[in-house]
Amino acid sequence: MRRNIPILGYAILCVLGVVLAKADVLDLYMQIILMFIGINVILSTSLNLVNGYMGEFSVGHAGFMAVGAYITSVLNILLFTNSSVFGPPVLSPSSALILFPLTLLAGGVGAALAGLLVAVPSFRTRGDYLAIITLAVNYIVKSSIENMQVIGGARGFMGMSNVINSMKEVVDLPWTLIWVFISAGLTVVILQKFVSSTYGKGIIALRDDEIAAEIMSVNTQRMKVVAFMLSSGLAGIAGGLFAHVLGYINPGTFTIMKSTEVLVMVYLGGMGSLSGSVLSAIGLTIVLEAFRPLQVYKWVIVPLLLILLMLFRPEGIMGHRELTDVFPRLRQLLGLKPKLSE
Amino acid sequence: MFLETFLQNLLNALQWGSFYALIALGYTMVYGVLLLINFAHGDIFMVGAYVAFFIATLLLGQYSSPFLPPVLVFAITVVATMVITSGVGVAIERIAYRPLRRKGASRLYVVITALMCGLILENGNLALLGASRRNFPEMLSKTAYNIGGVNFTNVKLLVILTTIAVFILLETIVRKTRLGMAMRAISYDRMAVPLMGIPVDTVIVFTFILGSSMAALAGVLFATAYPVLEPYMGALVGWKAFIAAVLGGIGEIRGAFAGGFLLGFIEIFVAALFPSTLRDLIAFSILLVFLSIKPTGIFGVSRATKI
């Protein structure tokens with residue numbers, strides 16, 4: 001029972017958020033910030049699996065996000081709305097409420113398959129050469145979407161707000177907020193369970209020494225495929241949510257700049273620290289919003305602050321540690337098993 | 001007819017590849033010495049173009065004198081730009097990278113710091129000078145030649161010849177001088193080099209000077225060939241030059257040139273044969289396949305890991 005305390009606490013917070021949003025205490029602006037925080041948490045924790053736990057340097061996370069965003073959006077528009085591109089809805093618009101998680105998942109699966117583009121070359125390539133491959137995949141995804149005129153090409157793709165509206169017609173709740181909360185929570189739980197499982201520890205072994213891991217009977221090739229697919233699949237889900245928060249996507253959103261933003265969150269939080277990634281995703285999103293009045297100077301001051309932070313804490317906010325390592329009492333409070341001394 | 005088109009494209013590709021090659025040099029030399037991907041390098045190129053813009057405007061405008069023929073103005077601009085821009089490069093190394101290196105931070109954190117430095121350069125420029133594009137003054141009067149149906153200008157020739165000269169110069173520096181030997185020694189074994197009494201920091205500063213001044217040179221030449229400047233001009237070119245450096249085998253000077261020209265050829269010929277919207281798609285797909293087959297690039301050597 002006590003082990004479920006963190007999950008229970010998160011659920012209560014989420015319900016509270018939804019109730020406040022419904023009661024208009026949280027206005028739309030605050031809701032959007034909350035949703036961006038959730039999406040950034042998914043992005044940074046999922047990238048941390050590859051860049052932090054596995055020690056690779058993937059710089060193309062936005063590419064997978066784009067795959068998920070487009071698959072989910074196209075499916076939703078095709079199935080649930082009357083659009084000029086795909087004609088009348090295939091299913092009744094009200095079924096969007098039940099089937100939305102499935103289309104979101106389909107986006108994730110699509111992105112995971114795109115992750116294979118990186119996973120397969122990673123068998124032979126490591127380090128900076130693999131970084132280029134992820135960079136190339138990001139460009140390839142963006143360029144492919146730009147050349148697909150059916151889904152709008154470079155002009156972008158829109159109409160996702162109709163899907164959300166048809167969900168709201170059935171039950172009037174802030175549905176995007178709810179799905180972002182659920183997805184962010186699930187992502188963190190899944191990743192935490194994965195990296196602390198015996199199977200998932202193979203990834204950390206791979207980072208420390210690939211040859212030794214191989215000798216210790218870690219199937220390194222399968223491990224790499226699993227890690228890349230899980231990471232890119234989660235990025236795809238974040239992309240699907242992102243598309244429905246904004247209601248409009250275009251390939252220009254998913255460039256190397258977006259990937260860089262996620263990279264900064266991972267390294268700011270600390271490689272191989274999930275709680276660090278969560279904290280830095282929350283912190284950076286809020287800081288970027290708070291500095292919005294500075295306009296152009298925002299992108300001078302934020303990087304400057306980050307450089308200073310790097311100079312004083314060269315291993316990120318949390319280093320390789322988790323929040324429970326910094327505050328051991330927290331572990332007790334949350335009802336987790338005591339950590340074995342190393 | 002076919003041959004003419006081919007030669008014309010070949011010439012364009014050589015010019016385009018020259019820019020990639022000159023920028024890729026900075027990536028590859030810094031990587032060879034420090035194992036650091038200096039993502040601020042593309043923006044150093046941008047800084048170079050802007051510095052050249054200001055020096056040229058200054059020399060041609062208020063302080064113009066009849067004693068300065070345009071060619072001499074161009075020469076002064078090139079040299080002054082290279083000096084000032086290498087100052088910027090060295091300053092970034094001193095302020096941002098060296099303290100992190102001293103603290104023994106993981107090199108990926110240094111990479112992130114480099115990304116941040118690039119952002120500061122880009123957006124600092126945007127904040128100080130505004131978003132309006134600037135026209136680079138014309139210092140060399142362009143003359144177009146036509147030999148057997150192939151058109152080219154003196155600027156195009158200048159770019160290509162300069163790049164070849166730089167290649168020979170750098171190969172000589174790295175192969176024949178003591179500093180070059182120290183650079184190669186550091187990339188060969190970074191543990192033993194300080195023990196041999198080689199001043200590592202001096203070598204690193206020298207590397208940054210070389211790399212930044214080559215980026216500045218690329219900036220001046222780029223602005224002469226395509227005279228429109230904007231703050232984000234370095235970002236995309238920088239990423240592509242990084243790709244060129246890896247394609248050639250990062251850490252190798254020959255590789256930077258081979259990779260730069262190869263990327264130039266791929267891009268120009270894809271744009272010539274297919275719709276230009278497919279350029280990135282096809283170019284990067286070729287790259288992906290190439291790196292999957294030969295993971296260390298053209299000149300890169302895979303090192304065996306000892307257990």
Side-chain angles (χ1 to χ4, degrees), chain A residues 51-52 55 57 59 117-118 120-121 123-133 135-144 146-147 153-154 209-212 215 255-257 260 263-264 266-268 271 294-307 310-316, chain B residues 31 35 37 39 95-96 99-100 103-106 108-113 115-128 130-131 235-236 239-240 242-243 245-247 249-250 275 277-289 291-293 295-297 300 302 305-307:
Chain A
N51 281 27
F57 190 54
V59 288
L117 272 179
V118 176
V120 173
F123 297 159
R124 295 185 58 204
T125 322
R126 269 195 80 102
D128 303 305
Y129 294 97
L130 194 64
I132 292 298
I133 286 175
L135 187 64
V137 168
N138 194 342
Y139 273 113
I140 288 173
V141 167
K142 178 178 168 269
S143 193
S144 316
E146 273 171 358
N147 282 295
D209 195 328
E210 190 170 340
I211 296 166
I215 294 167
T255 54
I256 195 78
M257 277 306 293
T260 311
L263 268 181
V264 169
V266 170
Y267 290 96
L268 182 65
M271 288 163 77
L294 294 173
Q295 294 172 346
V296 192
Y297 290 95
K298 178 175 94 168
W299 282 108
V300 182
I301 293 179
V302 172
L304 207 59
L305 286 178
L306 288 174
I307 289 180
M310 288 286 179
L311 288 182
F312 290 112
R313 277 201 76 83
E315 67 282 342
Chain B
Y31 187 89
L35 283 185
I37 311 168
F39 277 129
I95 297 167
L100 276 178
K103 288 186 180 174
S106 158
L108 292 177
Y109 289 100
V110 191
V111 171
I112 295 299
T113 311
L115 274 172
M116 294 297 109
C117 290
L119 277 179
I120 290 180
L121 288 179
E122 272 169 30
N123 296 294
N125 182 350
L126 191 69
L128 289 176
L236 190 62
W239 281 106
K240 290 207 173 152
F242 169 49
I243 289 172
V246 177
L247 195 58
I250 197 157
T277 46
L278 290 176
R279 190 182 72 183
D280 278 3
L281 182 61
I282 297 177
F284 285 107
S285 302
I286 293 175
L287 177 83
L288 191 73
V289 172
L291 277 184
S292 307
I293 297 167
T296 49
S302 58
T305 323
K306 283 181 195 152
I307 306 174

Measure distances from A:I140 to the heavy atoms of chain B and classify the residue's part below 4.5 Å as side chain, backbone, both or neither. both

By a 4.5 Å heavy-atom criterion (distance strictly below it), what part of B:I293 contacts chain A: side chain, backbone, both, or neither? backbone

Distance, nearest 0.5 Å, that separates CG of B:L126 from OH of A:Y297: 9.5 Å

If you count heavy-atom pairs under 4.5 Å with chain A, which of B:T113, B:L100, B:I112 comes out on top? B:I112

By side-chain hydrogen bond (donor to acceptor under 3.5 Å, both in side chains) - contacts of B:Y31 (at least two apart): A:D128

Interface check, chain B: of A:N51, A:I133, A:V266, most non-hydrogen pairs under 4.5 Å belong to A:I133

Examine whether an atom of B:L119 lies under 4.5 Å from a heavy atom of chain A, and if so say whether it belongs to the side chain, the backbone or both; otherwise answer neither. both

Heaviest contributor of heavy-atom pairs below 4.5 Å to chain B, chosen from A:L263, A:V302, A:V141, A:L135, is A:L135

Identify which part of A:M257 has an atom lying under 4.5 Å from any heavy atom of chain B, answering side chain, backbone, both or neither. side chain

Out of curiosity, B:L288 CG to A:Y139 OH, how far, rounded to the nearest 0.5 Å? 14.5 Å

Which portion of B:I95 sits near chain A, non-hydrogen atoms under 4.5 angstrom: backbone

Check whether any side-chain heavy atom of B:L281 sits under 4.5 Å from a side-chain heavy atom of A:E146, and report yes or no. no

Most contacts with chain B, counted as non-hydrogen pairs under 4.5 angstrom, among A:A131, A:P121, A:A136: A:A136

If you define the side chain from C-beta out and look only at heavy atoms, does anything of B:Y109 sit under 4.5 Å from A:M271? yes

So do the side chains of A:I132 and B:F242 get within less than 4.5 Å of each other, counting heavy atoms only? yes

Check: B:I120 and A:I307 side chains under 4.5 Å, non-hydrogen atoms: yes

Between chain A and each of B:A96, B:S285, B:A283, count heavy-atom pairs under 4.5 Å; write down the option with the most. B:S285

Mind ranking A:V264, A:I256, A:V137 by heavy-atom pairs under 4.5 Å with chain B and telling me who comes out on top? A:I256

Do you know which of B:C117, B:G124, B:A127 has the most heavy-atom pairs with chain A at a distance under 4.5 angstrom? B:A127

Measuring only between side-chain heavy atoms, which start at C-beta, is B:V111 closer than 4.5 Å to A:F57? yes

Which atoms of B:L287 are under 4.5 Å from chain A, going by heavy atoms: the side chain, the backbone, both sets, or neither? side chain

From CG (A:N138) to CG (B:D280), nearest 0.5 Å: 11.0 Å

